[in-house]
Amino acid sequence: GTLLLADSTYEQTRLAKQVGSQPEFDVLRAQVSRDNQRTVVIQRESDREIAFLRLKQLLNLPLSQAVRLTTPVEDSILPVVPALDSVVQRAIDTTTDARAPVRQAQASVEEQEQRYRVARAERYPSVTLSSSFARLGYPSDVLPSWSDFVSDWTVGLTVKVPLFTGGRIGGNVQSASATAEDARIRLQQTKERAAVDTRSALERLRAATAAWAASQGTVAQAERAYAIAEIRFREGISTQTELADSRILLEQARANRATAGRDLQIARVRVALLPELPLAQ
């Protein structure tokens, strides 16, 4: 859009010079401004292509396959996403214990506590009861008959008491206790970080929503101001500098609007996926 505006300004300045109402200096300024915008457009097209290539790589798609986004950043589409909004509203009530890192830390605590119980159980005596039954044959000839077989049933009871272990059991218990305590501390830290991360995500969503609402109407006002500046320039009652300033303000308004829309979408998706996301660094 900015390239088209710069090209239109150049054409108007060139025609004005032909009729003698504009100096050559203004034509050169307009031409340089237009050519600079072409460079910016080429760079942005390259950035967009690189972003699509990275997206295809993340999705494990062939690089030659075409990709079309279903939710472009446009005023008529961005604010109305009912499915995403409903998910966001449900995700706002997400508790800290529902976060995936917290659940993982909780599972680690339970595992280490079980290991501590196993280490302590090594101090108790162990009793082993074994039994075996077999039929043994003692033939008088080469092949035994049924009457040559006798029953052999053995029952054994073994008791082991850990009296002299050289401190191995005590060391294992202390090590397991320290590991379990470390897991509990990590769980507490993870809960605190998860609470801060959840608050931060909701705050970013609130700020992005406010920024998006604040940007409404700014682009329309900037377009109206540029249209007036263009008419004034065409009629010869303003300078090219005034027109360039209006174009810069319009470009900034459009960029701010697009940035606000992108930030709002990212904040929405992050809150919607918050329970399964890792903690922010």
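Every value quoted in this text rests on a predicted model; they were computed, and no experiment measured them.
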Indicate the atoms forming the closest heavy-atom contact of Ala225 with Ser246, along with that distance. O-OG, 4.3 Å
If you count heavy atoms of other groups shown closer than 6.0 angstrom to CD of Gln65, is the number above 12? yes
Transitively linked via ILVMFWY side-chain contacts under 4.5 Å: Val159 with Leu129? yes
For Arg204, I'd like to know if atom CZ has over 12 heavy atoms of other residues, nucleotides or ligands within 6.0 Å. yes
Who passes side-chain contact (heavy atoms from CB on, under 4.5 Å) against Ser46, sequence neighbours left out? Ile50
Return yes if some donor-acceptor pair links the side-chain N/O of Thr190 with the main-chain N/O of Arg186 below 3.5 Å, else return no. yes
Calculate, to the nearest 0.5 Å, the distance between atoms CG and OG1 belonging to Leu250 and Thr218 respectively. 11.0 Å
Nearest 0.5 Å, what's the CG-CD distance between Asp263 and Gln265? 10.5 Å
Has Glu192 got more than 12 heavy atoms of other residues, nucleotides or ligands less than 6.0 Å from its CD? yes
Hey, could you give me the CD/OG1 distance between Glu111 and Thr179, rounded to the nearest 0.5 Å? 10.5 Å
So, are Arg54 and Glu49 salt-bridged, with charged N and O less than 4.0 Å apart? no
Would Leu58 end up clustered with Leu61 when hydrophobic side chains under 4.5 Å apart are linked, directly or stepwise? no
For the residue pair Gln114 and Glu110, establish whether any side-chain heavy-atom pair is separated by less than 4.5 Å. no
For Ala105 and Leu187 the tightest heavy-atom approach is CB-CD1, 3.7 Å
Below 4.0 angstrom, N of the basic side chain to O of the carboxylate: do Arg254 and Glu223 qualify? yes
State plainly whether one hydrophobic cluster holds both Val109 and Val102, where clusters connect Ile, Leu, Val, Met, Phe, Trp and Tyr through side-chain heavy atoms under 4.5 angstrom apart. yes
Considering all heavy atoms, the nearest Leu274-Ala201 contact: CD1-CB, 4.1 Å
Before accepting this row, confirm whether a basic side-chain N of the pair Arg99/Asp197 lies closer than 4.0 Å to the acidic partner's carboxylate O. yes
Rounded distance [0.5 Å steps], CD in Glu276 versus CZ in Arg103: 5.0 Å
Over all heavy atoms of both residues, which pair between Ala260 and Ser215 is shortest? Give the atoms and the distance, please. CB-OG, 4.1 Å
Side-chain donor/acceptor of Thr209 to backbone N/O of Leu205, under 3.5 Å: yes
Do side-chain atoms of Lys56 reach the backbone of Leu63 as a donor and acceptor pair under 3.5 angstrom? yes
Under the side-chain contact (heavy atoms from CB on, under 4.5 Å) rule, collect the residues that match up with Arg199, sequence neighbours excluded. none
dist Leu202:CG -> Arg270:CZ (nearest 0.5 Å) comes out at 10.0 Å
Pair Arg135-Ser151, side-chain donor/acceptor within less than 3.5 Å: yes
Do Leu59 and Leu53 land in one hydrophobic cluster if side-chain heavy atoms of ILVMFWY residues count as linked below 4.5 Å? no
Should Glu181 and Gln112 be marked as a side-chain contact (heavy atoms from CB on, under 4.5 Å) after you check the CA-CA gap, both sets of side-chain angles, and the distance that decides it? CA-CA 9 Å; Glu181 182 64 22; Gln112 297 305 325; over 6 Å; no
Scanning both residues in full, the closest heavy-atom pair of Pro101 with Leu279 reads CG-CG, 3.8 Å
If you look only at pairs with a residue in residues 123-132, which of them pass as a side-chain hydrogen bond (donor to acceptor under 3.5 Å, both in side chains), with sequence neighbours excluded? Ser131-Trp153
Quick check for you: to the nearest 0.5 Å, what is the distance between Thr154 atom OG1 and Phe133 atom CZ? 10.0 Å
Going hydrophobic residue to hydrophobic residue with side-chain gaps under 4.5 angstrom, can you get from Leu273 over to Ile266? no
Flag this pair as yes if the NZ/CZ of Arg257 is under 6.0 angstrom from the six-membered ring centre of Trp212 and inside a 45 degree cone about the axis; otherwise no. yes
